[in-house]
2 protein chains.
Amino acid sequence: MNDKRQDKVTITEVAKRAGVSTATAGRALGGYGYSRKEIKARVKQAAEELGYRPNLLARGLITGKTKTIGVVAGDIQSPFYASILRGVADVTRAAGFGILLTNSDERIELELEAVQLLREKQIDGLIIAPSDLSDSAHLQAAILDGCPVVLIDRAIRNLAADAVCVDNREASRDCVARLTAAGHRRIGLVAELERWNGGNVADFLAAVASGRVDSSTLFPSWQRLYGYIDALRDAGIPVDPDLIGRVGLYSGEGARKETQRLLDLPNRPTALFSADGLMSAAAMGIITSLDLQIPRDLSLICFDDLDWMSFLKPGIAAVVQPLTEMGEAAARLVLSRIDGNEGPNQRLALRPRFAERGSIAAPPSL
Amino acid sequence: MNDKRQDKVTITEVAKRAGVSTATAGRALGGYGYSRKEIKARVKQAAEELGYRPNLLARGLITGKTKTIGVVAGDIQSPFYASILRGVADVTRAAGFGILLTNSDERIELELEAVQLLREKQIDGLIIAPSDLSDSAHLQAAILDGCPVVLIDRAIRNLAADAVCVDNREASRDCVARLTAAGHRRIGLVAELERWNGGNVADFLAAVASGRVDSSTLFPSWQRLYGYIDALRDAGIPVDPDLIGRVGLYSGEGARKETQRLLDLPNRPTALFSADGLMSAAAMGIITSLDLQIPRDLSLICFDDLDWMSFLKPGIAAVVQPLTEMGEAAARLVLSRIDGNEGPNQRLALRPRFAERGSIAAPPSL
DNA sequence: TTGTATGCGTTATCAT
DNA sequence: ATGATAACGCATACAA
C-alpha cells in the first residue's frame, strides 16, 4: 500500500497524480494563492497517497526564509544555557521554527566559525550569548544583511540588536546589602572577572570610583562586582581588594583555588558571595571540605539557583534568574523582528527572584 | 572598502569579477573538480573582496546533503540531555556538521512532529531518544529513505538503527547488590516505570519470573527495576511490591509522593535506590525534610550523578553514566553511516562508572 | 481559478 | 582545465 521508497516524491509527482500543474499543486498544499476546494482535496489526497513531504531547502531557496533560527550558546551543558535553550525551543517550536544550535565555549574564534556556518545555512535570525563585547563586526554584518540578532545575558554597546539580560548590578547589590544588614563587614566575592578591556580589578575599581563605567555593557561578573561595590559603599565599608576572588578563566578548579585563598586569609571573611553557578559549586565543595558550618561559621549567598541549594540544611540563599523566561523573551524578540517589526531596539532587563534561605546569619565574632 | 550590503553576493558575481564562468568559480571555491591554482587564487581573491559566502541551501538542494543532523531530545533542560547534547555537538562540529535541535518532552505526538520537521529540512541523519518503543514507523520510514537513525538511551526491537545505551540492568544490579552486601533486606526503589506495554509492575514481575522479557529493549527505568530484581534474587530476598515506588509520570512531584510513601511505610525500608536524577533530587528533598541522617537512618544510592552528590556530607553514592561520551558515540555512529558505512547495526552499551561515597552503611536495626 | 514559464544559487554533466 | 547548460524542488509573475 504505502509507497515510501528511496525515491523522493516531489510536488511534480503529486501534481501528475492529481492531474494538475505543479503550480496548482503547490498552491493547494502550500496554502498560498487560490485553488478550488475540490481541487485542493484531490491534490491533498494525492499527496497523502504518495507520502509527499515538502523539501524545505527548495522552499527556502526561493522564499529567502528558512524558518530556522540560530543559537550560539556558551556551553550547552551548563544548566544556565540549558534552561535558556529550553525557553527558546518552546517559543520557536510553537511558531513552526527550527533551531540550529552551536557552542562557542565562550571563545570568540569558535563563535566566529559558528556564526558563519549558521549564516551560510541561511538562518532567519540569531540568538547569541556573545563571547566578546568589543569584537562584534560579525554581528554587525549579520544585522546589516537583514538577519536580526538578539543578545542574551550580555549587551553590546553601539550594536543595533535587541538584548535580554537581568539587572546583575542591582541583584548583586541587593545580595550584598543583605549581608551588610546582617552585620558583615568582611565579605568575600568569588567571581569570574575575565574580559574587561584587558584591565584588572584595581583598574576597574578606579574606573568605577571615577564614574566612567557603563555597567549595562559589562560582562555579568563585572556587573556583579559593581553591585558588590555599590552595596559596600552604601554601608560605608571600604572595598578590600584582597576579598575579591578573581577566578579569571571560567573553571571549577580556579574557583576552588580562589575560595580556598579567601578562607585561608588571616582575617578571613565572615561571608561569601559567589557570583555564578560554577563558582557556587566550587565554593560549596571547599566549605564542606573545611568543615565550616553554614551559617554559623560563614554566611553564603549565591548568584544562580542550583537544585541542591534548596535541599541542603540549611538551604543556601540564591538569586534565581528567570532563565527559561529569558530564552522565551529572546525568541519572541527575534521572531518579531523576522516578522518585520522595525521598532527601536529593546534591551530587556528581567527581574531575578531572590530565594531567601537559611545561609545568612550574623558574623561569628559579633 | 568592504561591501556587505543588503544584496547577497552570489557565485555569479564572484565569477564575473574573476573573469571566469560560474562553474569554474564553483570548482575553485568548493574544492571539487579541477582548476589551475592560478585561477583558484584569482577566484578566491574575488570571493574575499566581495565577502562571498556560499548558500548552503542551494548546495544542499543539488547535492542532496545538508551537513546537518537532527537531534530529538526528551528535555534539553535536564542535565542528562544537556550533557549528551554537548557530546553530540562537539563531534558534529569537528566534522563540519550543524545540529538541528528539538524537544519531545517524551511525548510521541511531539516526537512525530519534530521528526517530520527535521526530515523536511533534509537532515542527513537523526539522533533520537525515542518516546515510544513500539510506535516507530516514522523512524523506520526515515531509515528506508536513507536517513540513518541512531537511538540514544533506549533501543527499539526490530529497527535497523544503531543504538547507544548503558547496561542499566547490570549497573542497577550492582547498586542493589552493594546494599544487600551491607546487610539491607528492605530496599525501596523510586523509579519512573511508565510505558511498559501498558502493563503494571505486577505484570512485569510475573513476566520476568517466567523469563519472557527482553531487557535490552525496555525503557531504562524498567531495566533498572529488572536489575533490582536480579540483585534481590541473588541475595535470596523476595521482592516486596510495596517497596517499588512507581512514579509514573516523570515529575518531581510524583517522585516526592512515592518517596514519602515509602518512608512512611510501617516497616520502612532501610535503604533507598533512586533510579534517575529527577527521582534523586526529589528523594533527597524528602529525606532532608524528614530529618533522616544518611547513612545512619537510611542508606541511599542513586542512578545518575548530580553535582551536589559529591559535596554533601556524606557524599551520595551514584552510578555515573558517561553522558558526553554517549553523545559523542552517537554522533560518530551517525556520521559514519552518513559517510556510507553499511555494516551491521551496532548496539553500544557503554559502561557506567560507580562513585562510591559515604551514603551506604549497615541497616539501623542490625 | 489555473497553467506556463522563469528563477532562487549552487553543483553536475558534458562538451571543448 | 574550463565553459555552457541543465538540473535540484519549489514558489511566483503573468497570461489565460
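Every chain is numbered from 1, with letters handed out A, B, ... down the list of sequences.
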Check the phosphate of D/dT2 against B/Ser21, side-chain N and O only, distance under 4.0 Å to OP1 or OP2. Yes or no?
no

Are the side chains of A/Ser131 and A/Arg107 in contact, using a 4.5 Å heavy-atom criterion?
no

List the atom of B/Ala28, the atom of B/Lys40, and the distance in Å for their closest heavy-atom pair.
O-CG, 3.8 Å

Spacing of A/Lys65 atom NZ relative to D/dT12 atom C1', expressed in whole Å
16 Å

Among A/Leu139, A/Ile143, A/Val150, find the residue that satisfies the side chain to side chain contact (heavy atoms under 4.5 Å, CB included) test when tested with A/Leu126.
A/Leu139

Which heavy atom in A/Leu151 sits nearest to a heavy atom in A/Ile156, and how many Å separate them?
CD2-N, 3.6 Å

Polar pairs (N or O, both sides) under 3.5 Å between protein and nucleotides 14-16 of chain C?
none

Salt-bridge test for B/Asp75 and A/Arg86: reply yes if a basic N is under 4.0 Å from a carboxylate O, no otherwise.
yes

Kindly calculate the angle separating the two end axes of the helix from C/dT1-D/dA16 to C/dT16-D/dA1, each obtained from five base pairs, and round it to 10 degrees.
40°

Evaluate the side-chain proximity of A/Asn345 to A/Leu159: yes if any heavy-atom separation is below 4.5 Å, no if none is.
no

Indicate whether any N or O donor in one side chain lies under 3.5 Å from an N or O acceptor in the other, for A/Thr68 and A/Lys121.
no

Evaluate the side-chain proximity of B/Ile127 to B/Leu333: yes if any heavy-atom separation is below 4.5 Å, no if none is.
no

Exercise: identify the closest heavy-atom pair between A/Arg347 and A/Ser216
NH1-OG, 3.3 Å

All N/O contacts under 3.5 Å from nucleotides 7-10 of chain D to the protein, with atom names and distances to one decimal?
residue	atom	partner	partner atom	Å
D/dC10	OP1	A/Tyr52	OH	2.7
D/dC10	OP1	A/Asn55	N	3.2
D/dC10	OP2	A/Ile11	N	2.5

Scan residues 30-39 of chain B for pairs that pass salt bridge (charged side-chain N to carboxylate O under 4.0 Å, His left out), counting only residues two or more places apart or in two chains.
none

Side-chain donor or acceptor of B/Asp132 paired with backbone N/O of B/Ser134 under 3.5 Å
yes

Sequence neighbours left out, what pairs pass salt bridge (charged side-chain N to carboxylate O under 4.0 Å, His left out) with at least one residue falling in residues 147-162 of chain B?
B/Glu106-B/Arg154, B/Asp162-B/Arg337

Nearest whole angstrom, please: distance from the P of D/dA1 to the CG of B/Leu29.
17 Å

Just the rounded figure in Å: distance from C1' of D/dA4 to NZ of B/Lys16.
15 Å

Can you give me the closest heavy-atom contact between B/Leu350 and B/Pro322, atom names plus distance?
CB-CG, 3.9 Å

Got a sec? Which of residues 33-41 of chain A come in under 4.0 Å of DNA chain D, heavy atoms?
none

